[in-house]
2 protein chains.
Amino acid sequence: MAATLADVAARAGVSSATVSRVLNGNYPVAEATRRRVTEALRELNYVVNGPARALAAATSEVLGVLVNDVSDPFFGVLASGIQREAAEADLLTMICHTAGSADDELRYMELLLRQRARAIVVTGGGPEDDGHRRRTADLVRQSVSRGTRVVFCGREAPPDSEAASVVFDNDGGAAALTRLLLAAGHRRIAYLTGPPHHTTSSARVAGARQALTEAGIDPDSCLWIRSGFSRAAGLEAGRELVRAGVDCTAVVAGNDLTASGVIASFRACGVRVPEDVSVAGFDDLPVAVDVVPELTTVRLPLRSGAVTAGRIATGARRTAPGAVVRMPAELRSRDSVAAPGGGLTGMAGRLRAH
Amino acid sequence: MAATLADVAARAGVSSATVSRVLNGNYPVAEATRRRVTEALRELNYVVNGPARALAAATSEVLGVLVNDVSDPFFGVLASGIQREAAEADLLTMICHTAGSADDELRYMELLLRQRARAIVVTGGGPEDDGHRRRTADLVRQSVSRGTRVVFCGREAPPDSEAASVVFDNDGGAAALTRLLLAAGHRRIAYLTGPPHHTTSSARVAGARQALTEAGIDPDSCLWIRSGFSRAAGLEAGRELVRAGVDCTAVVAGNDLTASGVIASFRACGVRVPEDVSVAGFDDLPVAVDVVPELTTVRLPLRSGAVTAGRIATGARRTAPGAVVRMPAELRSRDSVAAPGGGLTGMAGRLRAH
DNA sequence: TTGTATGCGTTATCAA
DNA sequence: TTGATAACGCATACAA
């Protein structure tokens, strides 16, 4: 049923090699021949057999992108930036949702490697686990040796792997944000740290702790609360903070999505931001300025980071093996952070009243 | 560099056929042989060549999902439901982001077809364009004839194509929502219709108009405003409605995301929901209950629709060619709709004051 | 400018 | 239980 190159060749009265040339346009073909072939192609509804082509040419036209969460705008921005560059190089982007699972991440990397994807871009942070890093490094090595380029965007490539990485200054951004809070007079700060054992979480925590230490404040005098990176996590954490009447004047969420959840639950509990409590986010996604009050946060150049990663992946930009491109973070001071207010102590009543 | 079946076979001192059998476990292999082969496999870091396997076996282990927008939770829910079923069938899901472009939709369908994907699930609404429908139908026919199953989830398959579809009752849901508003006493309603020439938009508009007509109200006495399906579209539309001082007591957004944008911009302008104006959404995504006030909306069983589509795609559920599975819509009456208030007229002053 | 012939790495059929 | 060997559909080096 499905027409092959040979079928088309027979119909056009040429050899299959000629049909292949017409298809790929990489060798001269007489105009008349080309027309006959094109005609036959159309009549038979010919569709290239990707696997056969990939097998013969030892490459494919697919660029794979691994994301933690397809419905998180953080990854939406990254994915679309990468996709744009892929399209420039005539590659089609396939996105794989790992749900933050280390195993799924490896499974999809291996799948893309099997498929002889032209390149793989692994986005976002990853598990802080040496076993996982080692297995990732193995896959990267195999990918490279098979001609599949691998680029990390949002974390560093595992040690000794030849993959390039584009990383964001989570560390420095978090430090700057904490310094801003300290300068505003905050001393009792609750940090929602993001998922545990995750490179992004850790970098942000490390930056914050360093800024605290430099200011002569014991980091352990602050609250460090595990939490996801989702909006739901922020909603829950916000409710919990109020219920527990936690003694703090500022909440630093792991990212903007979480911060928006915190703000929503604070509003529902009658906690005013920033009058009672200041709230800060991270990433500077569009939601940061949708929220009321607008969010003080740290801007990461996700878009340009994604484009850079995409360009490395497509080969439009050459880098040394193992190169690391560092993208800066920039403080965005808006309305959600002000001088310390009354804090959350004694707010639990409002929660119940609501 | 890259080890092939033959390399492994040589190392293990067996034929490549035997290695293949060990790999696939579909034929008996002596235990001792199996161990030697497994060993060699590991030593050589063997990775299956997907294209070669797909070529020989005439099938792959990939299930493709087409979505309009990767960072829209609507598609996040659909994609994750489908992925779940795919995983059950040992297929890996690749998501393709079409950005709502009809051309990209066709390009990705064709890519997946070329790759001999096991199945393709096309999610969400699509362009209301006969040319596009016809070209889609062509691709569907070719897919089916090549063994790639195609399922539509969120719109009907094009006429005469053998693809199954899972559709949501946008029409009935929109009618029910409008009846609710009418029963609450609203007569001057502003509808944000969603993107034009889009099956989902049209179905929702049609349902609303029908309910209005049945209630003896001329649909054209209401406002029908084009708008996207994004949150940003809602923000903008909300601001515009206030600025123009539009004479309405209720706003029906195209979906929940847009509704959340409308509510945010109303809040920024000092418009109270539902005291001044009622707002309704559609879909009942998680955001519907995050928002203050909680959103009156129409619940679509996205999750189970996605699972159904996934099951059809993997073959776990058999359907007649061209079968259409209809999923009901259900009204969710919450706090964002109340009796008519003062409306937006004269609110523009507040906007400027802000 | 075109055709012939070979190889890409698997799976699967047929013998042994 | 295992080994030869023929597809699978295409790209490309080599000839013409």
Side-chain angles (χ1 to χ4, degrees), chain A residues 1-38 40-41 44-62 111 113-116 118 142 145-148, chain B residues 1-38 40-41 44-62 111 113-116 118 142 145-148:
Chain A
M1 181 68 218
T4 71
L5 222 45
D7 299 331
V8 176
R11 173 146 197 136
V14 298
S15 76
S16 65
T18 300
V19 179
S20 171
R21 287 174 191 128
V22 170
L23 239 30
N24 296 303
N26 47 359
Y27 288 92
V29 174
E31 187 49 36
T33 313
R34 173 188 309 283
R35 267 209 307 280
R36 282 213 318 284
V37 170
T38 310
L41 245 19
L44 294 177
N45 271 323
Y46 175 79
V47 176
V48 171
N49 182 316
R53 170 178 283 182
L55 176 59
T59 178
S60 79
E61 54 186 315
V62 173
L111 173 71
L113 169 54
R114 284 186 195 176
Q115 303 296 330
R116 299 296 187 268
R118 195 74 71 76
Q142 290 176 31
S145 79
R146 284 175 172 77
T148 294
Chain B
M1 180 69 218
T4 71
L5 222 45
D7 299 331
V8 177
R11 174 146 197 136
V14 298
S15 75
S16 61
T18 300
V19 180
S20 172
R21 292 196 262 259
V22 171
L23 239 30
N24 296 302
N26 48 359
Y27 288 93
V29 175
E31 188 49 35
T33 313
R34 173 188 309 283
R35 266 209 308 281
R36 283 213 318 286
V37 170
T38 309
L41 246 19
L44 293 177
N45 272 322
Y46 175 79
V47 176
V48 170
N49 182 315
R53 169 178 283 180
L55 176 60
T59 178
S60 80
E61 53 186 315
V62 173
L111 174 71
L113 169 55
R114 284 185 195 179
Q115 303 297 329
R116 298 297 188 266
R118 195 75 71 75
Q142 291 175 29
S145 78
R146 284 175 171 78
T148 293

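Chain letters run A, B, ... following the sequence lines, proteins first, then strands; residues in each count from 1. Side chains included, hydrogens not; waters and symmetry mates left out as well; all remaining heavy atoms used.
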Residues that B:R34 engages under side-chain hydrogen bond (donor to acceptor under 3.5 Å, both in side chains), provided they are two or more places apart
none

Heavy-atom contacts, protein to nucleotides 6-15 of chain D, under 4.0 Å, summarised as B (base), S (sugar-phosphate only) or - (none) per nt, yield --BBBSBB--

Chain B reaches DNA chain C, atoms under 4.0 Å from its heavy atoms, from C:dG9 to C:dT13

List the atom of B:A12, the atom of B:R36, and the distance in Å for their closest heavy-atom pair.
O-NE, 3.0 Å

Taking only residues two or more places apart in sequence or in another chain, which ones pass side-chain hydrogen bond (donor to acceptor under 3.5 Å, both in side chains) with A:R118?
A:T59

How would you list all residue pairs meeting salt bridge (Lys or Arg N to Asp or Glu O under 4.0 Å) that involve residues 49-60 of chain B, not counting sequence neighbours?
none

Tightest non-hydrogen contact, residues A:P51 and B:R114, listed as CD-O, 3.1 Å

Test of understanding: with side-chain hydrogen bond (donor to acceptor under 3.5 Å, both in side chains), list the residues that count as partners of A:T33, not counting sequence neighbours.
none

Which pairs, with at least one residue in residues 10-26 of chain B and sequence neighbours excluded, count as a salt bridge (Lys or Arg N to Asp or Glu O under 4.0 Å)?
B:R11-B:E43

Rounded to the nearest 0.5 Å, what separates atom OG1 in A:T4 from atom CG in A:N49?
9.5 Å

Five-pair end axes of the helix from C:dT1-D:dA16 to C:dA16-D:dT1, angle between them (10°):
30°

Residue set satisfying side-chain contact (heavy atoms from CB on, under 4.5 Å) with A:A9, at least two apart, ordered chain then number -> A:V14, A:S16, A:V19

B:T38: what forms a side-chain hydrogen bond (donor to acceptor under 3.5 Å, both in side chains) with it, not counting sequence neighbours?
none

